[in-house]
Amino acid sequence: MKYSIGQVLFAVLNKKNQVYPMQVVEIITKKTLKGEEIQYMLQGGSDRTSTLLLDQVDGEIFDSADVARKTLISRATSQVNKLVDLAVAKA
């Protein structure tokens, strides 16, 4: 997926139950004989001093808060349904 400078992405971190906003602050394009490689540098939240590569983010990246919300709600609903179905089966 392609992103643009200034775009805010939303990361659902694997180790924390948290949605974390990250802004694209730099796009690095590398062209070689093997093709073109694009890397995105991000700044997270209110920390304006450190950056990291998009590939280093330990979690899922969403291009909007709404998509992140819908995905998380869908997963939670699915898990709740499984728990209830299991309870009904035991009954």
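Computed from a prediction, not measured in an experiment: that's the story for all the values here.
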- Message: How about CG on Asp58, more than 12 heavy atoms from neighbouring residues, nucleotides or ligands closer than 6.0 Å, or not?
- Response: yes

- What pair of heavy atoms forms the shortest contact from Phe10 to Ser64, and how long is it? CD1-C, 3.5 Å

- When clusters are formed by joining ILVMFWY residues with side-chain heavy atoms under 4.5 Å apart, either directly or through shared neighbours, do Val12 and Leu52 land in the same one? no

- Message: Would Glu26 and Thr51 count as a side-chain contact (heavy atoms from CB on, under 4.5 Å) here? Give the steps.
- Response: CA-CA 9 Å; Glu26 183 178 355; Thr51 59; over 6 Å; no

- Check whether Met1 and Leu54 end up in the same hydrophobic cluster, where Ile, Leu, Val, Met, Phe, Trp and Tyr are linked by side-chain heavy atoms less than 4.5 Å apart. yes

- Item | Whether Thr71 side chain and Val67 backbone form a donor-acceptor pair below 3.5 Å | yes

Tell me which donor-acceptor pairs under 3.5 Å the side chains of residues 29-37 have, and how far apart each pair is, sequence neighbours excluded?
from: Thr32; atom 1: OG1; to: Lys34; atom 2: N; distance (Å): 3.1
from: Thr32; atom 1: OG1; to: Gly35; atom 2: O; distance (Å): 3.3
from: Glu37; atom 1: OE2; to: Gln39; atom 2: NE2; distance (Å): 3.3

- Note on the structure: Between Tyr3 and Tyr40 the two heavy atoms that sit nearest each other are N-OH, 3.2 Å

- Using the side-chain contact (heavy atoms from CB on, under 4.5 Å) rule, take Leu42 and Val24 through it: C-alpha gap first, then chi angles, then the decisive distance, then the call. CA-CA 5 Å; Leu42 307 174; Val24 178; 3.6 Å; yes

- For the pair Thr77 (side chain) and Ile73 (backbone), establish whether a donor and an acceptor sit closer than 3.5 Å, ignoring hydrogens and angles. yes

- Message: Do Tyr20 and Leu9 sit in one hydrophobic cluster, given that two such residues count as connected whenever their side-chain heavy atoms are within less than 4.5 Å of each other, even indirectly?
- Response: yes

- Item | Whether Gln23 side chain and Gly6 backbone form a donor-acceptor pair below 3.5 Å | yes

- Grab the two heavy atoms, one from Ala11 and one from Met22, that are nearest each other, plus how far apart they are. CB-SD, 4.0 Å

- Query: Should the pair Lys82-Asp85 be classified as a salt bridge under the 4.0 Å nitrogen-to-oxygen rule?
  - Reply: no

- Note on the structure: What one should report as the nearest heavy-atom pair of Val57 and Leu13 is CG1-CD2, 4.3 Å

